[in-house]
Amino acid sequence: MTLPAPASTTSDSAARPDVPTVGFRLSGIGAALPETVVTNHDLTTTIDTSDEWIRDRTGIGQRFVGGTTAGLATEAAAQAMKRAEVGAEEIDQLLLATTSPDFICPGTAPAVAARLGLDCGALDIQAACSGWVYGLIMANGLLLQGQKKVLVVGAETLDRITDYSARDTGILFGNGAGAAVVEADPNGPGELLGWDMGADGNYVDILYAEHGGHLQMNGKEVFRQAVRAIERSAVAAMARAGLGASDIDLVIPHQANINIIESAWKRVGFTMEQTGMRLEEIGNTSAASIPLVLDDMLDSGRIQPGANVMFLGFGAGMTWATAIIRWSGEIRP
Ligand code: COA
């Protein structure tokens with residue numbers, strides 16, 4: 001492969017000299033959910049709970065279960081590639097964010113690459129619910145290195161590590177996958193305007209799963225730390241982009257708990273009108289949640305060319321990651 005000239009800078013990025021760019025365009029988005037739905041009512045047969053309590057404390061109404069991580073990832077990625085009108089031979093790299101891989105070893109990405117017919121590097125990213133946003137930011141780095149098209153997928157089968165008789169974790173998690181084709185577009189208006197990635201391993205023990213075990217969680221502490229991580233990451237990414245809260249047209253946060261989002265939004269200055277949510281329908285799908293919402297936002301026409309779109313992930317680790325994009329990617333009629 002012939003490497004292109006070093007990254008160019010557009011007039012916008014010239015105002016932010018620390019942010020080189022080769023353009024950044026999400027040219028196709030795909031999504032996949034398994035067929036089986038588990039409603040809050042269904043859970044009352046195994047958990048001492050109620051639909052009203054779960055909705056009030058989390059905002060979740062149902063979740064999907066079943067499938068494999070590679071299967072869901074492949075379905076979402078194939079749809080994203082079709083919408084981007086990109087062939088398998090054009091993909092330079094597959095980044096697959098998952099916290100529920102099909103095997104401990106090997107990673108799930110090589111199997112997905114094989115099913116899609118890709119001939120490129122393929123690796124898993126394990127950054128829990130922040131993983132897809134980590135992948136998006138890393139894709140920008142690969143574009144700067146000369147790659148042209150990077151497939152960034154978030155896929156989860158959390159039903160394999162969730163105890164659906166547990167009152168805390170059993171009400172939250174479900175399966176799904178979302179994918180984006182990320183393209184260099186040196187002459188286009190699309191750009192990664194700002195980003196932030198972080199981690200604090202002092203909080204490993206508030207949300208974890210051991211080999212062969214189920215997710216264990218200190219819900220109150222996760223809530224507290226998530227609100228702090230969101231504020232810190234959103235503010236850092238907006239500072240890097242030179243934007244304020246009112247400059248963001250759409251924020252898609254990780255879909256964990258509506259009360260976490262509302263608490264964090266009060267600190268950052270976002271409104272729910274600016275916010276893309278799909279939590280009631282899909283529950284917490286970890287690394288898959290943000291691209292699953294993105295797919296829905298495109299379906300409902302919530303994203304227009306030139307919009308400033310923020311993706312905000314946070315989760316176990318603790319990890320967090322924020323990306324702000326000037327949108328020039330897929331638009332659906
Ligand atoms: N259904 C009904 N009642 C429940 C319940 C359930 N599933 N779980 C707990 N309760 C009851 C408790 O018995 C307690 O009752 P009491 O006040 O009469 O003693 C009350 O509800 C509060 O229990 P508590 O354990 O303190 O719940 P909480 O307010 O911390 O809410 C979570 C629990 C899990 C909803 C909440 O902690 C949470 O969402 N945290 C964040 C988790 C998260 O988002 N994780 C993923 C991050 S990526």
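Both backbone and side-chain heavy atoms feed into the values below; hydrogens, waters and symmetry mates do not. Counting starts at 1 for both ligands and their atoms, following the listed order.
- Pairs of residues two or more places apart, or lying in two chains, that qualify as ring-ring contact (aromatic ring centres under 6.0 Å, His included) and include a residue from residues 91-137 are Trp132-Phe311.
- Taking 4.5 Å as the limit, every side-chain heavy atom of Cys129 sits out of range of all side-chain heavy atoms of Thr99.
- A side-chain donor-acceptor contact under 3.5 Å links Glu90 to the backbone of Gly87.
- The shortest contact between atom 12 (C) of ligand 1 and any protein heavy atom is with Arg167 NH1, 3.8 Å.
- Which parts of ligand 1 touch Ala256 is read off a 4.0 Å heavy-atom cut-off, strictly below it: atoms 44 (O).
- Of all protein heavy atoms, the one lying nearest to atom 35 (C) of ligand 1 is Thr58 CG2, 3.9 Å.
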Salt bridge (charged side-chain N to carboxylate O under 4.0 Å, His left out) between Arg332 and Asp295, worked out: CA-CA 10 Å; Arg332 291 182 200 156; Asp295 184 70; 2.9 Å; yes

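- What sits closest to atom 45 (N) of ligand 1 on the protein, heavy atoms only, is Met217 SD, 3.4 Å.
- Among protein heavy atoms, atom 33 (C) of ligand 1 sits closest to Trp53 CH2, 3.9 Å.
- Closest protein heavy atom to atom 1 (N) of ligand 1: Thr49 OG1, 2.6 Å.
- Side-chain contact, Asn175 with Asp159: a donor N or O sits under 3.5 Å from an acceptor N or O.
- When each atom of ligand 1 is checked for a heavy atom of Cys129 under 4.0 Å away, the hits are 48 (S).
- Shown here for Ile137 and Thr322, the closest heavy-atom pair between the two residues is CD1-O, 3.5 Å.
- Neither the backbone nor the side chain of Ile54 has any atom closer than 4.0 Å to an atom of ligand 1 (non-hydrogen atoms only).
- Contact annotation for Ile260 and ligand 1: only side-chain heavy atoms (C-beta onward) come within less than 4.0 Å of the ligand.
- Of all protein heavy atoms, the one lying nearest to atom 46 (C) of ligand 1 is Asn284 ND2, 3.5 Å.
- Val86 and Leu95 fall into different hydrophobic clusters, where Ile, Leu, Val, Met, Phe, Trp and Tyr are joined by side-chain heavy atoms under 4.5 Å apart, directly or via other members.
- Taking every heavy atom of both residues into account, Gly117 and Ala88 meet most closely at O-CB, 3.4 Å.
- By the 3.5 Å distance cut-off applied to N or O atoms, Ser50 is not counted among the residues near ligand 1.
- Taking a cut-off of under 4.0 Å to the non-hydrogen atoms of Asn257, the atoms of ligand 1 that pass are 38 (C), 39 (O).
- We find that Arg302 and Asp249 are not joined by a salt bridge, their nearest charged nitrogen and carboxylate oxygen being 4.0 Å or further apart.
- When distances from atom 7 (N) of ligand 1 to the protein are checked, a heavy atom turns up under 4.0 Å.
- In terms of modelled atom types and a separation under 3.5 Å, the side chain of Gln255 and the main chain of Asn284 share no donor-acceptor contact.
- The heavy atom nearest to atom 47 (C) of ligand 1, out of those in Asp48, Thr99, Val222, Leu172, is found in Val222.
- Evaluation of the ring-ring contact (aromatic ring centres under 6.0 Å, His included) rule for Phe270 yields Trp265 as partners, not counting sequence neighbours.
- Every atom of ligand 1 is numbered from 1 in the order shown, and the set under 4.0 Å from a heavy atom of His254 is 48 (S).
- Atom CE of residue Met297 and atom CD1 of residue Ile252 lie 6.0 Å apart, to the nearest 0.5 angstrom.
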Leu151 and Leu118: side-chain contact (heavy atoms from CB on, under 4.5 Å), yes or no, with the steps? CA-CA 10 Å; Leu151 192 51; Leu118 311 185; 4.1 Å; yes

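- Where the criterion is an N or O separation shorter than 3.5 Å, residue side chain and backbone included, Arg57 meets it with respect to ligand 1.
- Scanning all protein heavy atoms for the shortest distance to atom 37 (O) of ligand 1 gives Gly219 C, 3.3 Å.
- Less than 4.0 angstrom separates atom 40 (N) of ligand 1 from at least one non-hydrogen atom of the protein.
- The nearest heavy-atom contact from the protein to atom 28 (P) of ligand 1 is Lys220 NZ, 3.5 Å.
- Inside a 4.0 Å radius of atom 18 (O) of ligand 1 there is not any protein heavy atom.
- Note that atom 23 (O) of ligand 1 has no protein non-hydrogen atoms nearby, at separations under 4.0 angstrom.
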